[in-house]
Amino acid sequence: MSLKSDFLTILDTRGFIHQATDLEGLDTLLTQEPITAYIGFDATARSFHVGSLVQIMVLYWLQQTGNRPLVLMGGATTKIGDPTGKDESRKLLSEEEIRENIEKLSTIFSRALTFGKGPKDALLLNNDAWIDSLNYSSFLRDYGTHFTINRMLTFESVRLRLEREHPMTFLEFNYMILQAYDFLELYKKYGCCVQIGGVDQWGNIINGVELVRRVTHKTVYGLTTPLITTASGAKMGKTAQGAVWLNADLLSPFEYWQFWRNTEDKDVGRFLRLFTTLPLDEIERLEKLEGAEINEAKKVLADKATAFIHGEKAAQEARETAHKLFETTQANYQESSLPTLMLTQEELEKGAPILDLFCRLGLTSSKGEARRLIEGGGARLNDTPIQNELSVITATSFQDGSPLKLSAGKKRHGLITKP
RNA sequence: GGAGGGGUGGCCGAGCGGUCAAAGGCAGCAGACUGUAAAUCUGCCGACGAACGUCUACGCAGGUUCGAAUCCUGCCCCCUCCA
């Protein structure tokens, strides 16, 4: 099928579309008038990770093509989704946590989207605003009639749990109803007619689409994005440190840059399409590079992806640090984005144990790990393998006054400076 | 409420009185080869300690024993079937 609208054409050619309720209908609508669409986000963590990046990119393109994005933070649904908070004080605390999470999560959108009060400006919403005040009996009477258990049982998420004989609580069962209600609310308040989400959200999205139709007799649309895996089949987003967070306080821009730089060859083209805004013909050129040349494409990917989240300046710095680290022998890392540790005068006199320094720089999580690293030959000081696990850093270790580079393997480095 | 099964390291999963810091797999880390890639091969993979070693860990709390992940008692949680 050939798509006519800018938005769907971009989504399609860049690989964002997994399935949709009525792609043609949505396409037609998009060519007629600007629309409002939303994506819901959970507030369970303090930061998004690359898994959510697909969704964020979709919102970006939505706004770029002249439509209005709504970012819905699931303040209320997150609260309900976690049934462990039983006693009163904990519940209060977790509400507090959710608030903090939402605050932190929201910062990510400011670079990708333009917020404001204009017709095309993005809005940040929290479903707390309407779900918290729902009255159980009237909610049941008004909306409960639109959901049949028969239908709900056929949804993938439910069916799988039942087939595997995994328990599913009534609470979880209700989650999808509340999410459907979100859609209805957004449709009524903001004229929002599209919900977008990951493949796992398909069932929930369908429910929303149907609820809106039953209540208002209007057609709204659902669209899902594919689950992004690496060419080797692994779920995206794991590094040595854990998840690939988007917030800089959890993962430095340099490490973020490195994550993209280390993309597998086979993924470069796909990732350039998904996670950068480079023109398609440029991407086609880049992905044709072969052998070692494809590294240039990976650098572009890293630059653009980092700039999108952390800004041009941070991307530039990350690139320079990487260049110094991997492509030259020069040792001036002062301006780098590597973890840095300054020793005290006292430590320099007494000698700082190398094992401690590995831990303090976050290169290893225990002294034992640092010890094993040295035994295995993966530990280096200024690119010279460390032989003795008992060595110490003293004032004389700084030969020319520049920082010392401590490395765990070839890719993880930290700097040690003296006062 | 009754009967039965089960809770082991990041995950899966063996062990069922000493040889268990706990097989095997996955994930992870490092080394070799390369291109800061993939694949492959090798090593490592609880903490502390320079080291003999010490401590903490097999749902929780006690107990039996020279000795317990393994046996007993109580509690908590999960699953299956029955009411």
Side-chain angles (χ1 to χ4, degrees), chain A residues 49 83-84 86-87 160-169 172 229-244 252-272 286-303 305-306 315 318-329 333 336-338 351-356 358-381 383-392 405-414:
Chain A
H49 49 84
T84 51
K86 274 168 192 147
D87 64 307
L160 276 177
R161 297 278 280 275
L162 292 178
E163 271 172 16
R164 290 183 192 158
E165 303 191 330
H166 281 253
M168 170 159 222
T169 65
E172 292 171 284
T229 54
T230 65
S232 340
K235 213 171 177 179
M236 246 181 90
K238 287 280 184 180
T239 62
Q241 326 298 326
V244 180
S252 72
F254 173 69
E255 288 171 286
Y256 189 75
W257 193 93
Q258 281 296 314
F259 169 75
W260 294 107
R261 173 62 246 266
N262 286 306
T263 298
E264 291 178 34
D265 288 6
K266 289 177 182 169
D267 289 327
V268 172
R270 196 160 51 101
F271 285 3
L272 278 167
L286 286 170
E287 71 182 337
K288 281 199 189 104
L289 297 173
E290 281 185 11
E293 290 197 343
I294 195 141
N295 284 331
E296 290 312 308
K298 292 185 190 181
K299 284 179 204 165
V300 174
L301 171 63
D303 281 349
T306 305
R319 182 181 191 140
E320 275 165 27
T321 301
H323 179 72
K324 283 180 188 169
L325 223 39
F326 293 104
E327 296 172 11
T328 70
T329 49
Y333 299 111
S336 71
S337 10
L338 297 174
I354 205 92
L355 294 177
D356 286 336
F358 271 106
C359 294
R360 284 162 68 188
L361 279 167
L363 295 173
T364 61
S365 57
S366 71
K367 287 190 210 173
E369 196 183 322
R371 193 172 284 130
R372 281 179 236 121
L373 189 71
I374 292 171
E375 280 165 17
R380 271 181 290 272
L381 180 65
D383 298 319
T384 310
I386 298 170
Q387 308 287 344
N388 184 358
E389 59 185 60
L390 296 177
S391 33
V392 293
K405 181 173 69 167
L406 205 57
S407 314
K410 287 180 181 137
K411 295 186 192 171
R412 286 147 59 225
H413 309 274

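Below, chains carry the letters A, B, ... as their sequence lines are ordered, and counting in each starts from 1.
- Not one side-chain nitrogen or oxygen of A:Thr364 sits closer than 4.0 Å to the OP1 or OP2 atom of B:C29.
- Across all strands shown, A:Arg261 has heavy atoms under 4.0 Å from base atoms, whether or not it also approaches the sugar-phosphate.
- For A:Arg371 against B:G49, a side-chain N or O and a base N or O form a donor-acceptor pair under 3.5 Å.
- Using a 4.0 Å heavy-atom cutoff across all strands shown, A:Lys298 reaches at least one base atom of the nucleic acid.
- Checking side-chain atoms of A:Glu369 against main-chain N and O of A:Ser365 turns up a donor-acceptor pair under 3.5 Å.
- Between the P atoms of B:G24 and B:U73, the separation comes to 34 Å (whole Å).
- Taking atom CZ of residue A:Arg412 and atom P of nucleotide B:U36, one finds them 18 Å apart after rounding to whole Å.
- Nearest-nucleotide assignment on RNA chain B puts the 5′-proximal partner with A:Leu373, out of A:Cys359 and A:Leu373.
- Between the CH2 atom of A:Trp260 and the C1' atom of B:A37 there is a distance of 15 Å, given to the nearest Å.
- Among the atoms of the strands shown, base atoms are found under 4.0 Å from some heavy atom of A:Ala322.
- Under the Watson-Crick and G-U wobble criteria, each requiring two contacts below 3.5 Å, nucleotide B:A3 is paired to B:U80.
- Note on A:Glu375: nothing from the nucleic acid sits closer than 4.0 angstrom, heavy atoms only.
- On the P atoms, B:C77 is 24 Å away from B:A83, given to the nearest whole Å.
- For the P atoms, the distance linking B:C20 with B:G46 amounts to 15 Å, nearest Å.
- Using modelled atom types, no side-chain atom of A:Lys405 and backbone atom of A:Asp383 make a donor-acceptor pair closer than 3.5 Å.
- Between the CZ atom of A:Phe271 and the P atom of B:A37 there is a distance of 16 Å, given to the nearest Å.
- Pairing for B:C71 goes to B:G63, judged as Watson-Crick or G-U wobble with the two contacts each under 3.5 Å.
- Map A:Gly376 and A:Glu290 each onto its nearest nucleotide of RNA chain B; the residue landing nearer the 5' end is A:Gly376.
- Atom pair A:Ile294:CD1 and B:U36:P shows a separation of 14 Å (rounding to whole Å applied).
- Regarding contacts with the backbone of B:A47, a side-chain N or O of A:Arg372 is found under 4.0 angstrom from either OP1 or OP2.
- Classification of A:Arg372 and A:Glu375 as a salt-bridged pair fails, no side-chain N sitting under 4.0 Å from a carboxylate O.
- B:G9 and B:G1 are spaced 29 Å apart, taking the P atom of each and rounding to whole Å.
- Taking atom P in both B:U40 and B:A27, one finds a spacing of 10 Å when rounded to whole Å.
- Phosphate proximity of B:A47 to A:Ser366: present, with a side-chain N or O under 4.0 Å from OP1 or OP2.
- In this structure, A:Leu325 atom CG and B:U36 atom C1' are separated by 9 Å, rounded to whole Å.
- The phosphate of B:C29 (OP1 or OP2) has no side-chain N or O of A:Lys410 nearer than 4.0 angstrom.
- B:A47 is paired with B:U54 under the Watson-Crick or G-U wobble criterion, all donor-acceptor distances under 3.5 Å.
- When atom types are taken as modelled, the side chain of A:Arg261 and the backbone of A:Ala302 share no donor-acceptor pair closer than 3.5 angstrom.
- Nucleotides B:G5 and B:U54 have their P atoms positioned 39 Å apart, rounded to a whole Å.
- Pair assignment for B:A30: B:U42, on the basis of Watson-Crick or G-U wobble contacts that are both within less than 3.5 Å.
- The distance between atom CZ of A:Arg319 and atom P of B:U36, rounded to the nearest whole Å, is 14 Å.
- Rounded to whole angstrom, the span from the CZ atom of A:Phe259 across to the P atom of B:A37 amounts to 14 Å.
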Original post:
Run the side-chain contact (heavy atoms from CB on, under 4.5 Å) check on A:Phe254 and A:Gln258 step by step: do they pass?
Top reply: CA-CA 6 Å; A:Phe254 173 69; A:Gln258 281 296 314; 3.8 Å; yes
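- Between the NZ atom of A:Lys411 and the C1' atom of B:A30 there is a distance of 12 Å, rounded to whole Å.
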